[in-house]
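To keep things clear, I will list the structure first and then write my remarks on it.
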Protein chains: 2
Amino acid sequence: MTVDILGAMQSAGARLTAPRRAVARVLSESHGWMSAEAITARARRHCPSIGLVTVYRTLELLESLGIARRVHGPTGCHGYALASIDDGHFIVCRACQQVIEFEGCDVDRVVRRVTRQTGFQVEAHMLELVGLCPDCGARHRTARRKP
Amino acid sequence: MTVDILGAMQSAGARLTAPRRAVARVLSESHGWMSAEAITARARRHCPSIGLVTVYRTLELLESLGIARRVHGPTGCHGYALASIDDGHFIVCRACQQVIEFEGCDVDRVVRRVTRQTGFQVEAHMLELVGLCPDCGARHRTARRKP
DNA sequence: GTACTTGCAAATAATTTGCAAATAT
DNA sequence: ATATTTGCAAATTATTTGCAAGTAC
């Protein structure tokens, strides 16, 4: 595990249980975002008794610790992925659900401008890029060449 | 109605029905985002027989025409608001749900950088700012002064 | 007149809550 | 020992679908 999820949970006063370890492991082994359902299925490999509810609760915990973040699709907000960068953002592949995190979103300039123009006091922002990862992009181009 | 929603629907080949007029009117009179449920309730004033399902279908239509856009909250994606600017973005007041649209998000620079760094081919982006509108901000400060 | 729309009821999907049993510390 | 955590079943909330009746054009 790149990020010390277990350590972070422990320092936060949360108990290290088998279900939580399982969710942490699944998330850290995933290179994309996963639905709660998918996480549950995978997590059962390491903790057969785990239920969907516990996964939701663990995700909630990880989210509050800034370790996981929701991935919003145009259809809804149905995914979770690990977030190692503080205030980082995701770029998501629409084909294979791969997620890469990036930091520095240059949004400060916009925030300043919009603050000035609207009088709003901006507290948070949400940025997500969607597209095709290199592999899916290549596959896509190949597919189009010979329809 | 600032934007000619009805005209746009008509040009798209959609029929101008009472329920659709009602939804268009409600959305255009709203200064914030509204849930499908809330839109239905308001729309009944103009079209008493309207049902939630039709509202969802109308919103889907308006969204496909680029006239309405979903508002994503941290908790989910449960709102809709009018979108007059092509490729515009929202700044949302977390207290009163007021929504103001702004354009130009300076995201191009980030997109170019992330494209270079990840090899992703970016097709879309999603940006939303959350904060307090001037009124709610003032109210908030007043409330804190005398707790 | 006909193809598009509507509204209902029911289906599906996503997430949350109550609570007794299990367990990490 | 004890407060936290789990998993189930059931409740909620959000959204979609099938279909007969209604309606804009």
Side-chain angles (χ1 to χ4, degrees), chain A residues 5-26 33-65 68-81 97, chain B residues 5-26 33-65 68-81 97:
Chain A
I5 308 180
L6 303 182
M9 285 201 279
Q10 208 159 28
S11 334
R15 293 184 178 176
L16 274 196
T17 64
R20 285 179 178 168
R21 286 170 197 276
V23 171
R25 186 161 165 188
V26 167
W33 62 264
M34 298 181 75
S35 67
E37 193 84 50
I39 293 172
T40 308
R42 285 297 232 94
R44 273 198 228 279
R45 294 185 186 177
H46 311 116
C47 175
S49 71
I50 197 173
L52 184 57
V53 179
T54 301
V55 171
Y56 272 112
R57 286 192 276 226
T58 304
L59 287 172
E60 192 185 353
L61 169 65
L62 293 178
E63 210 182 346
S64 74
L65 296 177
R69 233 189 322 262
R70 279 173 202 247
V71 178
H72 298 249
T75 330
C77 324
H78 302 320
Y80 292 85
Q97 307 190 339
Chain B
I5 308 181
L6 303 182
M9 285 202 277
Q10 208 159 28
S11 335
R15 292 183 179 176
L16 274 196
T17 64
R20 285 180 179 165
R21 286 169 197 277
V23 171
R25 185 162 165 187
V26 168
W33 63 264
M34 299 182 75
S35 67
E37 195 82 51
I39 293 171
T40 307
R42 284 299 231 91
R44 274 199 227 278
R45 293 185 187 176
H46 311 116
C47 174
S49 71
I50 197 172
L52 183 58
V53 179
T54 300
V55 171
Y56 272 112
R57 286 192 277 228
T58 304
L59 287 173
E60 192 185 353
L61 169 65
L62 292 178
E63 211 184 344
S64 74
L65 295 178
R69 236 192 316 267
R70 279 173 202 248
V71 178
H72 299 249
T75 329
C77 323
H78 302 319
Y80 291 85
Q97 307 190 339

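Within every chain, numbering begins at 1; the chains are lettered A, B, ... in the order of the sequence lines, protein sequences first and strands thereafter.
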Tell me what [X] touches on the nucleic acid: a base, only sugar-phosphate, or nothing, going by heavy atoms under 4.0 Å.
X: A:Ala14; value: sugar-phosphate
X: B:Arg57; value: base
X: B:Ile50; value: sugar-phosphate
X: B:Leu52; value: base
X: A:Ala36; value: nothing
X: A:Ser35; value: nothing
X: A:Glu60; value: nothing

Between [N] atom [atom2] and [X] atom [atom1], what is the distance in whole Å?
X: B:His72; N: C:dA14; atom1: NE2; atom2: C1'; result: 16 Å
X: A:Met34; N: C:dT15; atom1: CE; atom2: P; result: 14 Å
X: B:Leu16; N: C:dT5; atom1: CG; atom2: P; result: 10 Å
X: B:Arg44; N: C:dG7; atom1: CZ; atom2: P; result: 9 Å
X: B:Ile39; N: D:dT15; atom1: CD1; atom2: P; result: 10 Å
X: A:Leu61; N: D:dT4; atom1: CG; atom2: C1'; result: 12 Å
X: A:Tyr56; N: D:dT6; atom1: OH; atom2: C1'; result: 17 Å
X: A:Arg15; N: D:dT4; atom1: CZ; atom2: P; result: 7 Å

Which one, [options], comes nearest to the side chain of [X]?
X: A:His78; options: C:dA14, D:dA14, C:dT17; value: C:dA14
X: A:Cys47; options: D:dG7, D:dT15, C:dA9; value: D:dG7
X: B:Gln10; options: D:dC25, D:dT6, C:dT6; value: D:dC25

Closest approach of [X] and [Y], non-hydrogen atoms and distance?
X: B:Gly51; Y: B:Thr40; value: C-CG2, 4.0 Å
X: A:Ala24; Y: A:Met9; value: CB-CE, 4.5 Å
X: A:Arg15; Y: A:Arg20; value: O-NH1, 2.9 Å

Quick one: is B:Arg20 getting a side-chain N or O under 4.0 Å of the C:dT6 phosphate, OP1 or OP2?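 Result: yes.
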Short side-chain N/O contact from A:Thr17 to OP1 or OP2 of D:dT6, under 4.0 Å: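 Yes, because at least one side-chain N or O of A:Thr17 sits under 4.0 Å from OP1 or OP2 of D:dT6.
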Calculate, to the nearest 0.5 Å, the distance between atoms CZ and OH belonging to A:Arg70 and A:Tyr80 respectively.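 Between A:Arg70 CZ and A:Tyr80 OH, I get 3.5 Å after rounding to 0.5 Å.
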Could you give the distance from CG (A:Leu65) to CD (A:Glu63), rounded to the nearest 0.5 Å?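 Those atoms lie 10.0 Å apart.
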When the nearest nucleotide of DNA chain D is assigned to B:Arg70 and to A:Thr54 on a heavy-atom basis, which residue is associated with the more 5' position?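 Checking each residue's closest nucleotide, the 5'-ward one belongs to A:Thr54.
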Tell me, with the steps shown, if B:His46 and B:Val26 meet side-chain contact (heavy atoms from CB on, under 4.5 Å). CA-CA 9 Å; B:His46 311 116; B:Val26 168; 4.2 Å; yes
